There are 2 protein chains.
Amino acid sequence: MTAQARGLHARVLDSLGPAITAGEYPPGSVLRTDELAQRFEVSRSVMREVVRVLESMHLVASRRRVGVTVRPTEEWNVYDPQVIRWRLAGADRPRQLRSLTVLRSAVEPVAAGLAARHATAEQCAALTECALGMVATSRGRQLEGYLVHDIAFHRIVLDASGNEMFARLGDVVAEVLAGRTHHDVMFEDPDPAAVTLHVRVAEAVREGDAARAEALTREIAEGALRELDILAPPPAPTT
Amino acid sequence: MTAQARGLHARVLDSLGPAITAGEYPPGSVLRTDELAQRFEVSRSVMREVVRVLESMHLVASRRRVGVTVRPTEEWNVYDPQVIRWRLAGADRPRQLRSLTVLRSAVEPVAAGLAARHATAEQCAALTECALGMVATSRGRQLEGYLVHDIAFHRIVLDASGNEMFARLGDVVAEVLAGRTHHDVMFEDPDPAAVTLHVRVAEAVREGDAARAEALTREIAEGALRELDILAPPPAPTT
DNA sequence: GAGCTCAAAAAGTCAGACTTTTGAGTCACA
DNA sequence: TGTGACTCAAAAGTCTGACTTTTTGAGCTC
């Protein structure tokens with residue numbers, strides 16, 4: 001489904017990027033532009049542009065006489081949507097999902113609180129509609145329909161918060177939710193408690209009750225974390 | 001101070017990037033690669049690489065026969081450290097600082113809670129040291145020294161949380177804190193209450209008291225937001 | 001063994017030719 | 001008058017080859 005003929009640049013990038021984030025070229029590895037150009041059968045111009053983009057993502061560093069070095073993971077621009085997608089498609093997907101879910105658990109409650117203060121009438125209406133849509137699709141294995149409403153719901157909350165940084169996390173949340181539905185265990189209908197919580201968040205936002213919207217969203221987030229703990233156990237305790 | 005001779009690519013990027021984020025070329029504007037190459041007196045190869053990087057930041061979109069179009073603000077990769085820096089250097093710096101501070105207020109408390117659970121002995125020690133450093137420099141106009149410890153403190157908390165996404169916000173927090181000290185009103189010594197809170201957070205983390213670490217950090221964040229409300233009033237209320 | 005020189009390696013830059021896509025104008029036909 | 005097909009040119013995309021610059025490491029001297 002991912003477009004096949006978007007130009008050489010994009011194709012090479014979509015091949016090399018995931019390879020790097022997947023650890024196929026571990027940090028410290030040295031690549032050479034010319035060699036890569038040969039391997040991918042493109043001209044040096046194209047390969048140079050690819051390397052420049054990877055460099056801007058802090059995945060690699062390019063130095064004269066040395067080559068293109070893969071940077072340590074801690075330096076990657078892990079907020080780059082492209083990097084997020086590459087990593088979610090790769091092997092350490094579970095760890096990635098956990099990081100992102102924890103991030104959600106921090107951000108979304110605060111965003112919901114702000115949304116309660118700032119949401120427009122249209123946003124409140126859309127939110128309620130999403131919540132109802134979730135209720136309607138919460139039984140009978142209508143997972144795809146549920147997912148659509150779930151994503152829309154969280155996106156609206158983030159948008160309505162009025163904070164640009166929150167709003168831009170909409171795509172990330174969408175990826176996480178979609179990932180949960182599609183890849184991880186999801187043979188049963190969504191947790192009824194979660195559905196109810198969404199309805200109540202929509203209510204709280206509509207009524208402008210920031211504290212309640214925040215608290216309820218925190219419950220949703222905690223539920224998501226618990227769910228994750230069951231599916232993919234957290235990293236081994238240090239003790 | 002920002003390196004002067006890093007190659008043409010970086011120089012052009014650092015000239016064109018800020019121009020775009022500053023709104024000098026408003027969204028919808030159309031640029032042409034060749035024209036830009038002429039204007040900046042570089043070859044098309046260099047300009048193409050620059051455009052590719054801007055494209056990867058979602059600042060522009062490049063289409064055949066049309067040219068390079070500046071994208072609407074909502075689509076920019078506002079988490080890209082480079083974009084953050086460009087915008088903080090520009091005119092809408094105040095709005096930017098507010099967005100980032102709100103983000104901090106959501107993320108840091110949760111990070112502190114996790115840090116209380118996961119911090120190593122070394123991290124606890126370093127945290128305490130930073131807190132003491134803050135106390136020591138909190139009086140007598142030692143703003144620069146205070147800033148160093150403040151940045152280090154928050155960075156350690158984010159790192160110690162064990163969450164990669166949180167850890168990568170260290171640079172953002174550093175920018176925000178530095179910005180506050182350097183550009184905004186800061187003729188007086190730091191708020192003693194804030195200093196005390198930092199010391200207590202270090203304590204809570206050391207003792208593994210997640211709830212307290214989170215609550216105290218929330219107080220710090222609220223203080224920062226209040227401070228911002230005084231310096232730069234929030235956007236006009238919709239009512 | 002410390003310091004110096006130098007050559008090679010790899011990225012960086014440039015210039016020019018060619019290809020591909022696509023928006024817009026044009027013209028014939030209904 | 002409107003509509004559809006056709007043409008053309010503009011701009012990005014791609015390739016190639018030559019040249020420049022920086023950097024490192026090997027070899028040499030003292």
Side-chain angles (χ1 to χ4, degrees), chain A residues 2-17 19-20 25-72 75-77 82, chain B residues 2-17 19-20 25-72 75-77 82:
Chain A
T2 41
Q4 199 61 260
R6 283 158 310 165
L8 287 179
H9 173 81
R11 249 177 312 180
V12 174
L13 192 63
D14 256 8
S15 174
L16 189 52
I20 293 174
Y25 305 90
S29 313
V30 175
L31 314 172
R32 261 154 300 124
T33 309
D34 295 25
E35 186 197 297
L36 289 173
Q38 276 190 18
R39 170 136 30 118
F40 288 99
E41 296 177 299
V42 293
S43 67
R44 286 189 315 268
S45 349
V46 169
M47 191 45 81
R48 280 187 54 73
E49 286 165 23
V50 169
V51 168
R52 274 275 142 82
V53 169
L54 292 173
E55 203 176 18
S56 91
M57 296 170 172
H58 279 64
L59 292 184
V60 303
S62 171
R63 280 173 53 207
R64 273 172 155 138
R65 165 68 207 235
V66 171
V68 177
T69 316
V70 178
R71 290 182 152 208
E75 296 177 7
W76 295 354
N77 276 178
Q82 184 109 86
Chain B
T2 40
Q4 200 60 266
R6 284 158 307 164
L8 286 180
H9 173 81
R11 248 177 312 178
V12 174
L13 193 64
D14 257 7
S15 174
L16 189 52
I20 292 174
Y25 305 91
S29 313
V30 174
L31 314 170
R32 261 154 301 125
T33 310
D34 296 25
E35 185 196 297
L36 289 173
Q38 277 190 18
R39 171 138 27 117
F40 288 100
E41 295 177 299
V42 294
S43 67
R44 276 170 319 181
S45 345
V46 169
M47 191 45 79
R48 280 187 54 75
E49 286 164 23
V50 169
V51 168
R52 273 275 142 82
V53 169
L54 293 174
E55 202 177 16
S56 92
M57 295 169 173
H58 280 64
L59 293 185
V60 303
S62 172
R63 279 173 56 206
R64 273 173 154 141
R65 165 71 206 228
V66 172
V68 177
T69 315
V70 178
R71 289 182 153 209
E75 296 178 7
W76 296 354
N77 276 178
Q82 184 110 86

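A, B, ... follow the sequence lines: proteins, then strands. Residue 1 opens every chain. What you see is a predicted model, and the numbers here were worked out from it, not measured in a lab.
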For atom [atom1] of [X] and atom [atom2] of [N], their distance in whole Å:
X	N	atom1	atom2	result
L8(A)	dT20(C)	CG	P	11 Å
R11(B)	dT21(D)	CZ	P	13 Å
L13(B)	dG12(C)	CG	P	13 Å
E49(B)	dG13(D)	CD	P	13 Å
L31(B)	dA10(D)	CG	P	19 Å
F40(A)	dT14(D)	CZ	P	15 Å
D34(A)	dG12(C)	CG	C1'	11 Å
H9(A)	dT19(C)	NE2	C1'	18 Å

Could you please name the option among dT23(D), dT14(D), dT13(C) that lies closest to any side-chain atom of R63(A)?
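Of the candidates, dT23(D) comes closest.
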
By nearest atom, which of the nucleotides dT13(C), dA9(D), dA8(C) is closest to the R65(B) side chain?
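Closest nucleotide to the R65(B) side chain: dA9(D).
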
Least distance between heavy atoms, G28(B) atom then T69(B) atom:
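Looks like O-CG2, 3.8 Å.
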
Toward the 5' end of DNA chain D, by each residue's nearest nucleotide, V66(A) or V51(B)
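Of the two residues, V51(B) wins.
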
Map S43(A) and R64(A) onto DNA chain D by nearest heavy atom, then report which one ends up closer to the 5' terminus.
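Of the two residues, S43(A) wins.
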
Check whether W76(A) reaches the backbone of M57(A) with its side chain - one donor and one acceptor, N or O, closer than 3.5 Å.
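Flag not set: sc W76(A) to bb M57(A) has no pair under 3.5 Å.
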
In terms of side-chain geometry, is the basic nitrogen of R52(B) or E55(B) positioned less than 4.0 Å from the acidic oxygen of its partner?
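Counted as a salt bridge, because a side-chain N and a carboxylate O are separated by less than 4.0 Å.
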
[X] vs [N]: side-chain N/O to OP1/OP2 distance below 4.0 Å:
X	N	answer
T33(A)	dA11(C)	yes
S62(A)	dG12(C)	yes
R48(A)	dA11(C)	no
R52(A)	dG12(C)	yes

Step through the shown structure and confirm whether more than 12 heavy atoms of other residues, nucleotides or ligands are within 6.0 Å of CD on E75(B).
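Yes - once you tally the heavy atoms of other residues, nucleotides and ligands closer than 6.0 Å, there are more than 12.
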
Can you find a donor-acceptor N/O pair under 3.5 angstrom joining the side chain of R44(A) to the base of dG17(D)?
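Pair found.
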
Is any side-chain heavy atom of N77(B) closer than 4.5 Å to a side-chain heavy atom of Q82(A)?
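Counting from C-beta outward, N77(B) and Q82(A) never come under 4.5 Å.
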
